[in-house]
Amino acid sequence: MDISMHLMIHLIVKHPTLTTDCSLVKDCTIARSLHPIMKRGFLNTKRAKRSVETRGPPTPVKPEMLKVKLPIGKVDTTLPEGYEPSEAIVKECDSRNMIYPDNARLCTTLPSQSFGDTLADNPDNWTECLFLGGKQKREIVSTPGFPSPIPRPPQIRHRIKPSRFGIGMFATRNIKMGDLIVSERPLLVSPSALPPLIPNFPKGFKPTFLQFTQGRMAEYEKTLEICLGRMLPENRAAFLALHNSHTEDGSGPIFGRIRTNGIGIIEKTEKSDLDAGDYGYSAVFNDISRINHSCAPNAAYGFTMSSFSLELRAIRDIKKDEEVFIAYCSTSEPTAERQANLKSYDFECTCSLCSDPTSDALLAKIKESTLEPSVWSHNRNLNGNKDRMQYSKDWMAAIEAAGRQNLKEYGSHISMLIAASFGLGRMDEYRKYKEMNEAWYLAKYGQAMKLDFF
Ligand SMILES: C[S@@+](CC[C@H](N)C(=O)[O-])C[C@H]1O[C@@H](n2cnc3c(N)ncnc32)[C@H](O)[C@@H]1O
């Protein structure tokens, strides 16, 4: 008997539901029991009787209670006496299944993984995904080319090691703007917002908004435990080794790490409401989640659906041994707004911009610099094009001196230089700015955004 036959018999014995044509790790859906435990004989136990007595059916909830304002910092995390998160009812399904009800909480592994596969079999790794409904899985799996191998730089260009801010990522060689630093498949993808899980508080208990949110987070943690339980042990250990800046606000250890390390990869489709399937999704990574924040970052990222990986690229040239930074918040906001947006990460930013009192005034001028209509108007006049070139070169130099190449205005000035150099027939400069433009766009928006110019 050959080794693959041995393996198959072993798998079928170990996983009796497995048939020879279905060796893939199964999906599962997660529902909730109204009561904490649902085992044979459950209703005869003391705990169950108490539960049946004290818990009613979930009470209707006012929509404002479901608004996603998560606590940060140190808050009162006590939950009412008698409350326990509901037990999850897990139902396995064939991982080739694509149709799931909109309200299903679906755990699936992408790309599909075979039973017994190890990271040596697939160094590109797998992602454990929690989706609300089947829409995201259908969209991802039907992406042309999915699952393509993750792109790799020609040599390893990053290292994870201690930094001023805990652990961080560092460049192991000089990296040019636009170059790939690393691409990585997430360990976990899950909804960016808290799903609408209503806690079953004891009958008659009227929770405050904070208590209600604490209950929702406790319920959600149970779901996340199931996702984590499906991971390869190495991936689970890597996830749990990540930093958690939400240890005192009631987020569980898994949700806390998602809040600390998650990077938005799938936008929600509707801005205003959070129907199932319209949730945005965020991803947590082994290496990329170690990158610290700067408001003047030297790297940016884009998610590529076909390889299901995040591509991290240099948004400006990076020197060997320099720390790699991304921005955790929008960098086109003034300092006070940025600091407020960073509160949930539990640190005060001390980057070169946050510590420079003149940086907000310069930011306002940079934004205005691309709004000037005379700069953009079609200009065949030779002097006009010369003026435009000088204007954009000066602004690019100012933006570079501030290390703010990640601002979209930097890209606008490169585009302006392409047009003006073309108008002046300066083809060497034209080619130089066109190359720069390609590198910058790739870093800023990833593979998804390709710009055709001239
Ligand atoms: C996504 S983790 C980054 C990796 C983290 N340094 C680690 O040790 O794993 C985010 C956390 O890193 C720290 N951090 C990131 N950027 C920082 C900065 N600019 N200043 C201070 N702390 C920072 C904060 O503790 C933040 O909650």
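Numbering starts at 1 and runs along the sequence shown. Order of listing sets the numbers, starting from 1, for every ligand and every atom in it.
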Strictly under 6.0 Å, is that where the ring centroids of Tyr281 and Phe131 end up?
yes
Can you pull the residues with any heavy atom under 4.0 Å from ligand 1?
Phe165, Gly166, Ile167, His243, Ser245, Thr260, Asn261, Ser289, Arg290, Ile291, Asn292, His293, Tyr328, Tyr345, Phe347
Holding to salt bridge (Lys or Arg N to Asp or Glu O under 4.0 Å), I want the full list of residues that pass it with Arg431, two or more places apart in sequence or in another chain.
Asp428
Going by the rule salt bridge (Lys or Arg N to Asp or Glu O under 4.0 Å), which residues pair with Lys74 if we only count those two or more places apart in sequence or in a different chain?
Glu248
Any ring pair (Phe, Tyr, Trp, His ring centres under 6.0 Å) involving residues 159-184? Give me the pairs, sequence neighbours left out, ordered by first then second residue.
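Sorted result for residues 159-184: empty, none.
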When you check the gap from the basic side-chain N to the acidic O, do Glu128 and Arg230 get nearer than 4.0 Å?
yes
If the threshold is 4.0 Å, N to carboxylate O, is there a salt bridge linking Glu311 and Arg313?
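Answer for the salt bridge query: yes.
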